[in-house]
2 protein chains.
Amino acid sequence: MTERSDRQNEIASVAARLFRQKGYAAVSMRDIAASMHIKAASLYNHITSKQDVLALVLMDLAASFTQGITTIDAADIAVSEKLSRIIKLHIDLTIQNPHAMASLNNDWMHLAPEALERFTEQRDFYEETLRRIIRSGIEERIIHPLNEDLIVFSLLSTLRTLYLWYGRKSNLSEQKLRVDLTAALLNGIVKNS
Amino acid sequence: MTERSDRQNEIASVAARLFRQKGYAAVSMRDIAASMHIKAASLYNHITSKQDVLALVLMDLAASFTQGITTIDAADIAVSEKLSRIIKLHIDLTIQNPHAMASLNNDWMHLAPEALERFTEQRDFYEETLRRIIRSGIEERIIHPLNEDLIVFSLLSTLRTLYLWYGRKSNLSEQKLRVDLTAALLNGIVKNS
DNA sequence: CTTTGAAACTAACAAGTGTTAGTCAATTAA
DNA sequence: TTAATTGACTAACACTTGTTAGTTTCAAAG
């Protein structure tokens, strides 16, 4: 895996936007090319296949999540602080890559077999790490003793689909988003629990 | 819109499963036909187009959500009870239509224009109704005064992606799912809030 | 200048797409 | 028994798909 050229990054950026709108399968190489004002064949001077474009869109972002949660998990901090930082990680990466987040959720199954395996490995690792954090929180009596898988997926469902509505509705600042989202996810929305 | 035939329901059922696996655009009419052990052309004895199949998959389920939240909202019950019932509504409909739920999230933009408009109307109505419920909860001091759009989408993100993991992980009963999910969403996961 | 390299282009391909037309066998209604 | 309907079939259509081959343009390096 060599360094990515500027043009490759442009392709990945344009493709991510289109993938988000219509999904990987509904976007043609001619669509991507037209958005760059070139012809489809010209794309192949920079990439080797359509699946390669998808990998360009996904794999860096997936690696950022892997690296992010690894760092957080290794830190010597309380479980609740780890969770707060994980929420912030998702917010930061979503703001930086809103379009690619859609493909991360919906298009990853169209990766070529080798890339697909690397992707699912990272995804499994991420979920497993988060589950370990949740479990230790339950053992420390810091987290309510609910089903731990349920907690993991309840958190991830919201965090992974942040891209769907950040920026669309009442444009709250990144800071208020983080504070309110952390409160909603960790402390709940109903009073006097 | 006439009554749906048995064969139409079979097509919708098979298509929903395939749409979930690969997405609408990546599923061909020949794929759907092969899953039913007939030829693609034979499908057109029962449906008029591929987009029609998608409408068959989506529109009934969308109507169920609309009807469900309308009934709940009209009931003379506390806000927290409304929220509990909305959570149950999502659980019930997800268990009954796990595959179609995926298309409801990811494939609706491929509907033909008229169906698309009806769909987005219902979706907007659903979100607006939920937001009104949340807002009245905040005004009654029952719900924490967080950003109301954030609360709506935090809840819906989890509820709409239930299909992704129900049945996959530690097979908890429908009852425990409902109880724990309600607790996690409404009361939060961290103690002593 | 000349050469080289990158990056665009045109043209074309084989395969797959949704869909239509026309046919035929079997079940149902008269 | 006959007529009509249903629902499968084969064959084909016009179009789009990802991709390759070969060519041209043009700026940078020698």
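Each chain gets a letter, A, B and so on, in the order its sequence line appears, and its residues count up from 1. Given the structure is predicted, the values throughout are model-derived calculations rather than measurements.
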**Student:** According to ring pair (Phe, Tyr, Trp, His ring centres under 6.0 Å), does anything in residues 24-63 of chain A pair up with another residue at least two apart or in another chain? List the pairs.
**Tutor:** Phe19(A)-Tyr24(A), Tyr24(A)-His110(A)
**Student:** Between Phe65(B) and His90(B), is the ring centre distance below 6.0 Å?
**Tutor:**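 Here the rings of His90(B) and Phe65(B) have centres that are less than 6.0 Å from each other.
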**Student:** For residues 12-29 of chain A, which residues have at least one heavy atom under 4.0 Å from DNA chain D?
**Tutor:**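 Close to the strand are Val27(A), Ser28(A), Met29(A).
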**Student:** When you measure from every atom of DNA chain C, which of residues 55-62 of chain B have a heavy atom less than 4.0 Å away?
**Tutor:**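 Output list: empty, so none.
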**Student:** Take the C1' atoms of the five end pairs on each side of the helix from dC1(C)-dG30(D) to dA30(C)-dT1(D), get both axes, and report the angle to 10 degrees.
**Tutor:** 10°
**Student:** Should Lys22(A) and Met109(B) count as side-chain neighbours, where that means a heavy-atom distance under 4.5 Å?
**Tutor:** no
**Student:** Looking only at non-hydrogen atoms, find the nearest pair between Asn97(A) and Leu61(A) and report the distance.
**Tutor:**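 Heavy atoms only, the tightest pair is ND2-CD1, 3.5 Å.
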**Student:** Distance from Leu164(B) atom CG to Thr158(B) atom OG1, nearest 0.5 Å?
**Tutor:**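 Interatomic distance, Leu164(B) CG to Thr158(B) OG1, rounded to 0.5 Å: 11.0 Å.
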**Student:** Taking all non-hydrogen atoms of both residues, which atom of Val14(B) and which atom of Ile32(B) are closest, and how far apart?
**Tutor:**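 Shortest heavy-atom separation between Val14(B) and Ile32(B) comes out as CG1-O, 3.9 Å.
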**Student:** Does any donor atom in the side chain of Arg160(B) or Asn105(B) lie under 3.5 Å from an acceptor atom in the other side chain?
**Tutor:** no
**Student:** Run the salt-bridge test on Arg20(B) and Asp107(B) with the 4.0 Å N-O cut-off and return the result as yes or no.
**Tutor:** no
**Student:** Please tell me whether Ser157(B) and Thr161(A) have a donor and an acceptor in their side chains that are separated by less than 3.5 angstrom.
**Tutor:** yes
**Student:** Asp149(B) vs Arg168(A), test: salt bridge (charged side-chain N to carboxylate O under 4.0 Å, His left out). Steps then yes/no.
**Tutor:** CA-CA 10 Å; Asp149(B) 290 321; Arg168(A) 271 207 313 135; over 6 Å; no
**Student:** In residues 31-49 of chain B, what residues come within less than 4.0 Å of DNA chain D, judged by heavy atoms?
**Tutor:** Ile38(B), Lys39(B), Ala41(B), Ser42(B), Asn45(B), His46(B)
**Student:** 5' to 3' on DNA chain C, which nucleotides open and close the contacts with chain A (atom under 4.0 Å from a heavy atom)?
**Tutor:**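 With heavy atoms of chain A under 4.0 Å away, the range is dA7(C) to dA12(C).
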